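Both counts, for ligands and for their atoms, begin at 1 and track the order of listing. Since this is a predicted model, take the numbers as computed values, not measurements.
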Amino acid sequence: MKRSFTKRKCSISLRNRLILTYGIFISLALGSLTLIINIFTGVIFTELVKGNIVKKSREIVEAIEEQYNPMSRSFDTLTIEAMGMYFVHDGYIVRLEDNQGNAIWDARSCDMRECMSVISDIAERMEGQFRLGGTVQTQPFPVTYANKAVGTVVIETYGPFFYSETETQFLTSINRLLLLSTTVFTLIGIIISIALSRAIAKPILKAEEAARRIAAAHSNSAKPGQLVIREIRIKEQYKTKELSRLSRSINELAAELEEGERRQKQLTTDIAHELRTPLACLQGDIEAMIDGVYHADRKHLESCHEEIIRLAKLVQDLNTLTSLEWENITLNKSDFDLAQLLRITAEQWNSSALEKGIAINLDIRECPVNADYDRLKQVFINLLSNAVKYTDKGSITISISIKEIDDGVFSGSKNLEKNNRIEVSFSDTGIGIPEEDLPHIFERFYRTDKSRNRNTGGTGIGLTISAAIVHAHGGTITAENNRQNGGAIFKIQI
Ligand code: ADP
């Protein structure tokens with residue numbers, strides 16, 4: 001048996017990614033801050049310590065100078081010894097020499113072990129704890145009395161500098177404090193990053209969940225008992241612009257799908273309704289003929305034939321509408337004279353108009369266009385047939401005019417400036433369109449008066465088809481009432 005293995009892409013959740021990003025960022029920021037503080041305090045502290053060593057050396061020299069007796073021209077070696085051992089504890093190995101270089105007092109001769117132990121302690125501290133290597137350094141200082149050299153103090157220290165015990169304690173405390181604060185702030189940073197990541201990820205996860213539920217509701221819309229799109233909305237208001245835009249887009253998507261579903265259901269209902277009436281008429285007439293209630297004479301057969309024609313027209317209109325609305329309309333464009341097309345259309349309907357006693361007036365002039373001849377003809381036939389259908393007296397006027405418009409849409413006209421458009425209007429003196437119906441007149445199956453249309457034979461699809469064709473040409477179609485003569489005016493701009 002063949003088994004197929006699919007490689008799963010290892011993906012990290014948005015929340016974890018955000019936590020990781022924030023965590024790395026905060027740790028890096030705090031780490032670099034600590035390093036900078038550490039380096040700076042180290043540099044400043046070293047300068048301070050070096051200054052202290054120089055100061056201390058001077059103090060030692062001054063203290064020894066004070067022990068010079070000009071009368072006996074000698075130093076008080078007992079006091080110097082007491083002070084000297086005290087200096088040794090502080091890390092300063094002192095040796096006092098006379099002008100000839102002979103030792104007057106020497107800490108090393110006095111207590112060599114102590115001197116060695118102090119220096120080795122300091123060396124251990126500096127190398128072990130602070131990783132600052134060094135050597136014992138010697139510096140001579142002249143001892144003067146009344147500006148006369150009376151000897152030399154040679155001071156040995158661990159160099160280039162060393163930390164005293166107090167300074168070591170201070171530095172250690174500072175480093176501990178720095179480490180502690182870095183740890184605490186890193187922890188706080190991680191907690192904040194988790195909270196922040198949750199706050200950002202939550203709305204996105206909500207949006208994702210809503211989108212998934214919308215998709216599920218949409219694909220199961222026909223199944224009873226399933227969640228309906230109407231019930232799925234993101235109700236939370238977000239203060240972040242992008243998040244609020246995201247939730248608004250999801251809600252708009254849901255509304256659009258809901259509207260699409262509603263229209264689809266409406267279409268099915270409308271088609272069923274439109275088919276039911278002529279079918280019922282046909283069924284009634286045929287059953288009456290079978291039962292012998294009617295004779296299958298010319299009158300009844302013609303009535304049946306009319307219903308069949310009505311049905312065939314409905315099916316044909318629906319077919320056209322579907323191909324226009326669902327398939328990409330491919331326009332078969334060619335160059336022709338729009339006035340000529342209007343003239344031909346008017347001639348076709350002239351006899352029907354004359355039968356009703358209405359005239360078709362043409363106010364047109366040569367107008368070359370690049371458009372789909374057959375599709376535009378279909379639009380003009382729809383509009384003219386409606387005008388004839390809904391006008392009982394008066395006239396119908398078809399006119400062409402050039403309108404200046406600034407909508408940036410390419411005009412189908414051949415010889416016009418970019419912002420000029422051709423306007424074709426069909427104006428009649430018929431019954432007009434009730435104002436409340438005007439906004440819906442281009443919706444499919446929309447008829448202002450259902451009962452009347454059964455007589456006029458309309459399906460309520462003609463204007464929808466016309467609008468789709470005009471829109472495919474990048475144009476607009478509008479309907480209004482003629483306030484002066486009564487009747488309706490349909491205007492097409494391409
Ligand atoms: P129908 O096949 O019913 O005429 P249309 O889509 O062409 O379908 O028209 C939709 C409705 O618009 C018509 O039923 C009618 O109520 C109204 N209508 C269209 N043209 C006119 C007009 N010239 N005057 C009055 N009403 C009109």
Side-chain angles (χ1 to χ4, degrees), residues 263 266-267 270-271 273-278 281 306-325 342 345-346 348-350 352-353 355-362 375-399 423-472 476-492:
R263 279 209 306 254
Q266 185 65 48
L267 177 65
D270 286 343
I271 292 174
H273 176 81
E274 294 301 317
L275 289 175
R276 201 181 309 126
T277 319
C281 286
E306 252 174 45
E307 290 304 338
I308 286 168
I309 288 191
R310 195 196 293 272
L311 270 172
K313 184 178 180 320
L314 177 65
V315 171
Q316 194 195 337
D317 281 355
L318 277 172
N319 205 19
T320 312
L321 190 61
T322 312
S323 68
L324 287 174
E325 283 187 344
L342 286 167
T345 316
Q348 280 178 359
W349 286 87
N350 209 20
S352 311
E355 262 176 35
K356 291 182 83 176
I358 43 178
I360 298 177
N361 305 320
L362 293 177
R375 300 268 195 205
L376 276 193
K377 188 174 182 185
Q378 193 176 354
V379 175
F380 296 153
I381 288 174
N382 280 346
L383 294 182
L384 193 54
S385 69
N386 275 351
V388 173
K389 219 191 288 181
Y390 300 110
T391 304
D392 291 329
K393 61 176 184 325
S395 63
I396 296 164
T397 307
I398 303 171
S399 60
E423 185 178 277
V424 181
S425 81
F426 289 77
S427 148
D428 63 54
T429 53
I431 56 170
I433 302 161
E435 287 299 314
E436 66 273 17
D437 290 319
L438 276 174
H440 308 285
I441 210 77
F442 295 102
E443 289 171 17
R444 56 166 104 77
F445 297 119
Y446 198 90
R447 293 178 309 214
T448 56
D449 180 351
K450 316 270 183 236
S451 57
R452 189 189 73 219
N453 271 276
R454 291 246 33 95
N455 301 329
T456 50
T459 58
I461 299 180
L463 284 182
T464 318
I465 292 175
S466 304
I469 293 172
V470 173
H471 292 157
T476 56
I477 180 165
T478 52
E480 60 192 78
N481 280 317
N482 190 337
R483 299 200 188 280
Q484 286 164 356
N485 314 330
I489 309 177
F490 284 85
K491 288 178 181 168
I492 295 167

Worksheet item: Does Gly432 come within less than 4.0 Å of ligand 1, judged by its heavy atoms?
Response: yes
Worksheet item: Are Asp428 and Val388 close enough that some pair of their side-chain heavy atoms sits under 4.5 Å apart?
Response: no
Worksheet item: Short N/O distance, under 3.5 Å, between Phe490 and ligand 1?
Response: no
Practice prompt. Report yes or no: does Thr464 contribute a side-chain atom to a donor-acceptor pair with the main-chain N or O of Phe442 at less than 3.5 Å?
Written response: yes
Practice prompt. Report yes if some N/O of Ala488 lies less than 3.5 Å from some N/O of ligand 1; otherwise report no.
Written response: no
Practice prompt. Assess Phe442 for proximity to ligand 1: is some non-hydrogen atom of it under 4.0 Å away?
Written response: no
Worksheet item: Less than 3.5 Å between some nitrogen or oxygen of Thr464 and one of ligand 1, yes or no?
Response: no
Discussion item. Only heavy atoms of Lys389, strictly under 4.0 Å: list the atoms of ligand 1 that pass.
Written reply: 1 (P), 2 (O), 4 (O)
Worksheet item: Would you say Asn382 contacts ligand 1, with heavy atoms under 4.0 Å as the rule?
Response: no
Worksheet item: For Phe490, which residues count as a ring pair (Phe, Tyr, Trp, His ring centres under 6.0 Å) partner, sequence neighbours excluded?
Response: none
Fill in: Gap between atom CG of Leu383 and atom CD1 of Ile398 - 0.5 Å precision
9.0 Å
Item to complete: Using side-chain hydrogen bond (donor to acceptor under 3.5 Å, both in side chains) as the criterion, list what pairs up with Asn481, not counting sequence neighbours.
Response: Glu435
Discussion item. Considering both backbone and side-chain atoms of Leu463, is one of its nitrogen or oxygen atoms within less than 3.5 Å of a nitrogen or oxygen in ligand 1?
Written reply: yes
Fill in: Check: Ser399/Ser425 side-chain N/O donor and acceptor closer than 3.5 Å
yes
